[in-house]
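Beneath this line is the structure, given in structure tokens, with notes to follow.
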Amino acid sequence: MMKNFVSVCYAVWALIVKEFQIIWSDPKNRAMILCPPVLMLAIFAFAATFEVNNISMLIYDKDDSQISRALIDKLANTPYVKHIDMVDNPEELTQKIDNENAFVALTIPQDFAKKIYLNESPVVQLILDGRKSNTAQVVSAYISYILASFQHEIDGQSFPEISVKLINRNWFNPELNYQWYIVTSFMGVLVTVMMLAITALSVAQEKELGTFDQVLISPLKPFQILIGKTIPAITVAYIDLTLMIIAGHFIFHIPAARGYPMIYACIFVFLLSIAGIGLFISTICQTQQQAIFGVFSFLAPTFLLSGFITPIENMPIFLQKFSYINPLTYFFRLVRGLFLKDIDNITIWANVWPLLIISICTLSFASWFFNKKVN
């Protein structure tokens, strides 16, 4: 009995050693095992924060008094506000909020200083971009705290008993319905995971199973093979997206301000960019294990640097630059604008053309690597 137990343990140990040798013998496996944890640690340390800092703020000061300027100075000197832009009319304020040039706007009424001198409580209006409901709630709490602690001192007079009343208005999502934000965001998250899983494993799986040679001896050209592997993935993605859109409309009552044809057209460009990335990963990997590691290595920084978890403005400048080559960054801007507000064609194009560039680059690299492997 003891002899059999020792022999079983020896066999298991030999199998464990063999698996370690297989994993460690491939240089690509070693790189994919060691690099992602270090990369994830570096990105999480800087990007994953639930604090809201570096707020871009608009101020429409109708009063233009010494007290109103003192309030503006107090807001500018807080660690939460990165930049304050003064506007001269409501139209300019509306345009900058619509274009996401600022997240919050504060309107100071014309009788602000007068009411303070009369020992009355003035009312200021705070306008927030409700497309990011969680961030809007945090920013509203910050501004409320700053106004509550505001001590009016001018010409040696203090007004400690006067409090500034704040009226909040949340544009594009008046009730700050968090489900609107989550459902529209998860459309991009789930489709990205699914598209990468299908496209990244397509070529790698055939290489590992030995059926890839049969594809190569077919009369199809390399780019035709890539097209044949891209179309099914996009079709499945559209089916899943349609189910999510139906659920969002009938269960969560999410509006489609710009209409579904435009939504589907913009999503197609996004799917092309993700398909190119997935095929690129698949062509450089020899096994499914390598492809899975490649997908994981791409997904984590993509989600973190897209603004889905934390605002991009909170991240260090060098990480913010990576968001410009992140397809999910543009997808979130598009889908929130198309569903929650009627964004204009200029704004749509401003987010579609980077996706087109990413799609062309990734599909071209995937095709080039594929041709290189074939030759």
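Keep in mind it's a predicted model, so treat the numbers as computed, not measured.
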Checking side-chain hydrogen bond (donor to acceptor under 3.5 Å, both in side chains) for the pair Ser306/Asn326: CA distance, chi angles, key distance, verdict?
CA-CA 7 Å; Ser306 65; Asn326 187 352; 4.7 Å; no
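- For the pair Ser282 (side chain) and Gly278 (backbone), a donor-acceptor distance under 3.5 Å is absent.
- Heavy-atom neighbours of Phe268 CZ from other residues, nucleotides or ligands within 6.0 Å: at or below the threshold of 12.
- Looking at Asp63, its side chain does come within 3.5 Å of a backbone N or O of Ala113 through a donor-acceptor pair.
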Result block: side-chain N/O donor-acceptor pairs under 3.5 angstrom for residues 188-199, not counting sequence neighbours:
unit_1, atom_1, unit_2, atom_2, d
Thr192, OG1, Gly188, O, 2.6
Thr199, OG1, Met195, O, 2.6

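- A salt bridge links Asp64 with Arg69: the distance from a Lys NZ or Arg NE/NH1/NH2 to an Asp or Glu carboxylate oxygen falls below 4.0 Å.
- In this structure, Phe270 is not a member of the same hydrophobic cluster as Ile360, with clusters built from ILVMFWY side-chain heavy atoms closer than 4.5 Å.
- Each of Leu75, Leu93, Val87, Val124 was compared with Ile59 under the side-chain contact (heavy atoms from CB on, under 4.5 Å) criterion, and only Leu75 meets it.
- Using cut-offs of 30° and 60° for the angle between ring planes, the His249 and Tyr260 rings count as perpendicular.
- The minimum heavy-atom distance linking Asn89 with Glu92 is given by the pair OD1-N, 2.7 Å.
- Tyr238 contributes a side-chain N or O that, together with a main-chain N or O of Tyr264, makes up a donor-acceptor pair within less than 3.5 Å.
- Smallest separation of non-hydrogen atoms from Ala366 and Phe280: CB-N, 3.7 Å.
- In this structure, the side chain of Ser359 engages the main chain of Leu355 through a donor-acceptor pair within 3.5 Å.
- Judged by the 6.0 Å and 45° rule, Arg333 forms no cation-pi pair with Phe331.
- Clustering of Ile, Leu, Val, Met, Phe, Trp and Tyr side chains at separations under 4.5 Å places Ile246 together with Phe250.
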